[in-house]
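Comments concern the structure below.
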2 protein chains.
Amino acid sequence: MTESLPLSIPAPQRTCTISEGTEELVREMLVRIGDRWSLRVIETLSEEGSFRFTRLRERLDGVSQKMLTQTLRQLERDGLVERQVFAEVPPRVDYRLTPLGEELGETLCGLWMWAERHLCDVQQAREAFDGQAAPAPRETAQAVTG
Amino acid sequence: MTESLPLSIPAPQRTCTISEGTEELVREMLVRIGDRWSLRVIETLSEEGSFRFTRLRERLDGVSQKMLTQTLRQLERDGLVERQVFAEVPPRVDYRLTPLGEELGETLCGLWMWAERHLCDVQQAREAFDGQAAPAPRETAQAVTG
DNA sequence: CTGGATCCACGTGGATACTG
DNA sequence: CAGTATCCACGTGGATCCAG
């Protein structure tokens, strides 16, 4: 298990060497894009470029106005999404991914493919876990004798 | 970003659109490992192999007993973490990553490196966003004169 | 059309007490 | 030592109303 440290980081290139903050940021980003809508926003914008508010909301069928606004604000704050406001009547606002957001989307692709590869594995693991939870007290189910 | 990817990912140009269930699973996994402790559990187990409950809890200083148990259960349910119960007194339980969990950890490495590369970018974006929120009504900051 | 503000339901995480 | 159960605080997401 020491042949490859998956989560250890080789060598930072940037001047901001904050190994501490990196873990924090990773978790923050996971939480951020793991919320109900961010991932779909990134996916949609990544595939089809620019979207205006209402059009985007239609695409993410089920999202409330508040949540879409909130989601877009958070993504914008992290520099992942860019807002372009047109001084028109009625108001028009376009949203699109920044280069930073696009790169994150590409990075997410690795996770995407992991999920695709192991979708069945996870589902089976869950079924097995849930299945053995009911019939037996599982605490002693696979107890090892020495 | 093909040169820095740890996995043999074929350089996606855009978000890879796959099946419905995959997106759901991706979001689930993001939420799961994005919670307060899962990422650290995976990281710790990935780096140092097997851990028993209390030892692991010491490592994740700050985690409550309930949350560690809950976190481990969820990871176990998804087939990412394996439990080994010893029928001893006092009780002993060892936790370690499954191959599936290790592969996920490796996949997460891509995200990790993204965060490392763009830690400054994100921080600056946040400062810029928060900074312009107060002084100006930002809605008309980059408005287009149509 | 865009989106801020408010009220509310619910899930999650933490502290504590107790069990095997 | 490992784990369950309970109570509680808080954040998050949704519905709705209101404003530019």
Side-chain angles (χ1 to χ4, degrees), chain A residues 27-28 30-41 50-77 81-96 129 133 136-144, chain B residues 27-28 30-41 50-77 81-96 129 133-134 136-144 146:
Chain A
R27 236 187 38 76
E28 280 182 29
L30 286 171
V31 171
R32 175 66 55 240
I33 61 181
D35 70 6
R36 192 148 189 78
W37 304 108
S38 294
L39 185 61
R40 302 200 175 179
V41 168
S50 187
F51 265 91
R52 57 190 306 177
F53 190 85
T54 302
R55 187 81 185 86
L56 185 57
R57 187 178 174 187
E58 293 171 358
R59 256 326 183 65
L60 309 174
D61 191 56
V63 66
S64 67
Q65 175 276 321
K66 168 193 167 184
M67 288 316 301
L68 182 54
T69 299
Q70 183 175 306
T71 298
L72 288 169
R73 282 295 172 282
Q74 291 167 337
L75 293 174
E76 184 190 3
R77 194 178 101 96
V81 159
E82 203 169 10
R83 247 166 66 104
Q84 187 171 14
V85 182
F86 298 89
E88 300 177 354
V89 172
R92 170 183 177 149
V93 180
D94 277 14
Y95 293 92
R96 61 184 181 85
F129 184 91
R138 66 182 292 288
E139 257 63 39
T140 58
Q142 52 180 327
V144 177
Chain B
R27 234 187 40 77
E28 281 182 28
L30 287 171
V31 172
R32 174 66 56 240
I33 61 182
D35 68 9
R36 192 150 190 77
W37 305 108
S38 294
L39 185 62
R40 304 201 174 180
V41 168
S50 187
F51 266 91
R52 57 190 305 176
F53 190 85
T54 301
R55 187 83 185 85
L56 185 57
R57 187 178 173 186
E58 293 170 358
R59 258 321 185 66
L60 308 176
D61 191 56
V63 67
S64 68
Q65 178 277 324
K66 169 192 166 183
M67 288 316 300
L68 181 53
T69 300
Q70 183 175 307
T71 299
L72 288 168
R73 283 293 173 286
Q74 290 167 337
L75 293 175
E76 184 192 1
R77 194 177 102 96
V81 160
E82 202 167 10
R83 246 166 67 103
Q84 187 170 16
V85 183
F86 298 88
E88 300 176 357
V89 172
R92 169 183 179 147
V93 180
D94 277 13
Y95 292 91
R96 62 184 182 85
F129 185 91
R138 65 183 290 287
E139 258 64 40
T140 57
Q142 51 180 330
V144 177

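Letters A, B, ... mirror the listed sequences (proteins, then strands); counts begin at 1. Just so you know, these numbers use all the heavy atoms, side chains as well, and skip hydrogens, waters and symmetry mates.
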*Want to settle it: does A:Gly62 or A:Pro91 sit nearer the 5' end of DNA chain D, counting the closest nucleotide to each?*
A:Gly62

*Answer with yes or no whether B:Lys66 presents, from its side chain, a donor or acceptor under 3.5 Å of a partner atom in the base of D:dG3.*
no

_Expressed as a whole number of angstroms, how long is the span from A:Asp35:CG to C:dG11:P?_
17 Å

_Rounded distance in Å - CD (A:Gln65) to P (D:dT12)_ = 18 Å

*asked:* Show the nearest heavy-atom pair for residues A:Arg57 and A:Val63, with the distance to one decimal.
replied: NE-O, 3.3 Å

_Is A:Arg57 close enough to C:dG3 that one of its side-chain N or O atoms is under 4.0 Å from OP1 or OP2 there?_
no

*asked:* Distance check needed: C:dT12 P versus B:Glu28 CD, whole Å only.
replied: 12 Å

*Could you state the atom-to-atom distance from CD of B:Gln70 to P of C:dA15 in whole Å?*
14 Å

*Quick one: is A:Tyr95 getting a side-chain N or O under 4.0 Å of the C:dC1 phosphate, OP1 or OP2?*
no

*Between P of D:dA19 and CZ of A:Phe53, the distance in whole Å*: 19 Å

*For residues B:Thr54 and B:Glu58, is any side-chain donor paired with an opposing acceptor at under 3.5 Å?*
no

*Nearest-Å distance, CG (A:Leu30) to P (C:dT12)?*
17 Å

*Below 4.0 angstrom from OP1 or OP2 of C:dT12, is there any side-chain N or O of B:Trp37?*
no

*Starting at CE of A:Met67 and ending at P of C:dA5, how long is that distance when rounded to a whole Å?*
16 Å

*Please give, in whole Å, the distance from D:dA5 P to B:Arg73 CZ?*
11 Å

*Given C:dC1, is OP1 or OP2 found less than 4.0 Å from the side-chain N or O atoms of A:Arg55?*
no

_The criterion is side chain to side chain donor-acceptor pair (under 3.5 Å); which residues satisfy it with A:Arg92, sequence neighbours excluded?_
A:Asp94

*Scan side-chain atoms only and decide if A:Tyr95 and A:Arg83 contain a donor-acceptor pair under the 3.5 Å cut-off.*
yes

*Once you round to the nearest 0.5 Å, how far does OG of B:Ser50 lie from CZ of B:Arg55?*
11.5 Å

*Ignoring backbone atoms, test whether A:Arg83 places a side-chain nitrogen or oxygen under 4.0 Å from the OP1 or OP2 oxygen of C:dG3.*
yes

*Nucleotide of C:dG4, D:dC1, C:dG14 approaching B:Pro90 most closely (side-chain heavy atoms)*: D:dC1

_Quick check on D:dA2: is either OP1 or OP2 less than 4.0 Å from any side-chain nitrogen or oxygen of B:Arg52?_
yes

